[in-house]
Amino acid sequence: MTTITIAPRIVAKELAAQLLSLSVKTFERLVQQGELPKPRQISAGRVGWLVSELDAWAEKRPVSELLPPPNTGALKPRSPAANQGASCAAA
(Lines give C-alpha, C1' and ligand atoms only; values in the text may rest on other atoms or scores of the structure.)
Protein backbone atom coordinates (compact mmCIF):
# COMPACT_ATOMS: atom_id res chain seq x y z
CA MET A 1 0.00 0.00 0.00
CA THR A 2 1.30 3.44 -0.93
CA THR A 3 1.10 6.28 1.58
CA ILE A 4 0.79 9.78 0.20
CA THR A 5 1.64 12.72 2.41
CA ILE A 6 0.19 16.06 1.43
CA ALA A 7 1.34 19.28 3.06
CA PRO A 8 -1.48 21.44 4.40
CA ARG A 9 -2.66 24.29 2.19
CA ILE A 10 -4.21 26.29 5.04
CA VAL A 11 -2.82 26.52 8.58
CA ALA A 12 -4.05 27.93 11.88
CA LYS A 13 -2.51 31.05 13.41
CA GLU A 14 -0.16 29.20 15.77
CA LEU A 15 1.34 27.09 12.98
CA ALA A 16 1.45 30.05 10.59
CA ALA A 17 3.51 31.99 13.15
CA GLN A 18 5.78 28.99 13.72
CA LEU A 19 6.34 28.55 9.97
CA LEU A 20 7.65 32.13 9.84
CA SER A 21 9.72 31.82 13.05
CA LEU A 22 7.59 34.45 14.75
CA SER A 23 5.85 34.53 18.09
CA VAL A 24 2.05 34.42 17.88
CA LYS A 25 1.90 37.94 19.30
CA THR A 26 4.30 39.31 16.65
CA PHE A 27 2.41 37.41 13.95
CA GLU A 28 -0.89 38.94 15.10
CA ARG A 29 0.63 42.43 15.16
CA LEU A 30 2.04 42.10 11.64
CA VAL A 31 -1.31 40.84 10.31
CA GLN A 32 -3.10 43.73 12.03
CA GLN A 33 -0.63 46.22 10.53
CA GLY A 34 -1.18 44.75 7.06
CA GLU A 35 2.40 43.50 6.75
CA LEU A 36 1.38 39.83 6.59
CA PRO A 37 -1.36 38.24 4.49
CA LYS A 38 -4.88 38.36 5.92
CA PRO A 39 -6.49 35.09 7.00
CA ARG A 40 -8.90 33.19 4.75
CA GLN A 41 -12.38 32.13 5.86
CA ILE A 42 -12.46 28.33 6.14
CA SER A 43 -15.90 27.93 7.71
CA ALA A 44 -18.37 30.11 9.61
CA GLY A 45 -16.18 30.25 12.72
CA ARG A 46 -12.72 29.36 11.50
CA VAL A 47 -9.96 31.16 9.62
CA GLY A 48 -6.52 30.15 8.46
CA TRP A 49 -3.60 31.29 6.34
CA LEU A 50 -2.66 29.95 2.94
CA VAL A 51 0.80 28.41 3.19
CA SER A 52 1.54 29.63 -0.34
CA GLU A 53 0.89 33.26 0.72
CA LEU A 54 3.07 32.85 3.81
CA ASP A 55 5.82 31.36 1.64
CA ALA A 56 5.54 34.26 -0.84
CA TRP A 57 5.78 36.78 2.03
CA ALA A 58 8.89 35.02 3.39
CA GLU A 59 10.52 34.95 -0.06
CA LYS A 60 10.04 38.73 -0.39
CA ARG A 61 11.81 39.49 2.88
CA PRO A 62 15.12 41.30 2.34
CA VAL A 63 18.38 39.43 2.75
CA SER A 64 20.02 40.45 6.01
CA GLU A 65 23.61 41.53 6.34
CA LEU A 66 23.40 41.00 10.09
CA LEU A 67 24.50 37.83 11.80
CA PRO A 68 22.46 36.47 14.69
CA PRO A 69 23.46 37.93 18.06
CA PRO A 70 25.96 35.93 20.16
CA ASN A 71 23.27 35.06 22.71
CA THR A 72 20.47 33.39 20.80
CA GLY A 73 18.68 32.08 23.88
CA ALA A 74 20.48 28.74 24.12
CA LEU A 75 20.91 27.52 27.65
CA LYS A 76 24.45 27.73 28.91
CA PRO A 77 25.88 24.95 31.04
CA ARG A 78 26.39 25.94 34.65
CA SER A 79 29.55 25.21 36.52
CA PRO A 80 29.29 22.87 39.52
CA ALA A 81 30.37 25.76 41.81
CA ALA A 82 27.45 27.89 40.61
CA ASN A 83 25.02 25.03 41.28
CA GLN A 84 26.38 24.52 44.79
CA GLY A 85 26.05 28.22 45.54
CA ALA A 86 22.42 28.17 44.45
CA SER A 87 21.59 25.19 46.64
CA CYS A 88 23.35 26.74 49.64
CA ALA A 89 21.41 29.97 49.23
CA ALA A 90 18.14 28.05 49.12
CA ALA A 91 18.93 26.10 52.31
Side-chain angles (χ1 to χ4, degrees):
M1 187 169 164
T2 303
T3 302
I4 299 173
T5 304
I6 299 174
R9 294 177 189 265
I10 299 175
V11 294
K13 176 175 47 180
E14 292 77 13
L15 183 54
Q18 187 176 5
L19 288 172
L20 298 176
S21 297
L22 297 171
S23 70
V24 172
K25 190 169 187 167
T26 299
F27 182 84
E28 290 171 340
R29 181 175 46 81
L30 292 173
V31 169
Q32 201 169 45
Q33 293 172 344
E35 295 184 37
L36 276 171
K38 292 192 179 285
R40 302 293 184 124
Q41 191 78 40
I42 300 171
S43 66
R46 188 164 174 90
V47 298
W49 281 261
L50 285 173
V51 173
S52 60
E53 291 180 349
L54 297 173
D55 287 342
W57 179 86
E59 290 289 334
K60 290 178 185 174
R61 302 303 301 154
V63 174
S64 176
E65 299 297 325
L66 300 174
L67 295 174
N71 180 4
T72 57
L75 295 175
K76 296 178 183 173
R78 295 183 180 240
S79 67
N83 289 336
Q84 287 176 352
S87 63
C88 292

* Asked: Stepwise, does the side-chain contact (heavy atoms from CB on, under 4.5 Å) test hold for Leu19 with Phe27?
  -> CA-CA 10 Å; Leu19 288 172; Phe27 182 84; over 6 Å; no
* **Stepwise side-chain contact (heavy atoms from CB on, under 4.5 Å) check, Leu20 with Leu30** => CA-CA 12 Å; Leu20 298 176; Leu30 292 173; over 6 Å; no
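Connectivity analysis of hydrophobic side chains (ILVMFWY, heavy atoms under 4.5 Å, direct or indirect) links Ile42 to Ile10, Leu50.
Shown here for Val31 and Pro39, the closest heavy-atom pair between the two residues is CG1-CD, 4.2 Å.
By the side-chain hydrogen bond (donor to acceptor under 3.5 Å, both in side chains) test, Gln18 pairs with no residue at all, sequence neighbours left out. For Val24, the side-chain contact (heavy atoms from CB on, under 4.5 Å) test picks out Lys13, Glu14, Ala17, Glu28, with sequence neighbours left out. Residues forming a side-chain contact (heavy atoms from CB on, under 4.5 Å) with Glu65 (at least two apart in sequence, or on another chain): none.
A side-chain hydrogen bond (donor to acceptor under 3.5 Å, both in side chains) check over residues 48-64, counting only residues at least two apart or in different chains, returns the pairs Arg40-Glu53.
Using a 4.5 Å cut-off on side-chain heavy atoms (C-beta onward), Leu54 and Val11 make contact.
Counted within 6.0 Å of CZ on Arg9, heavy atoms from surrounding residues, nucleotides or ligands total 12 or fewer; the atom is thus considered open.
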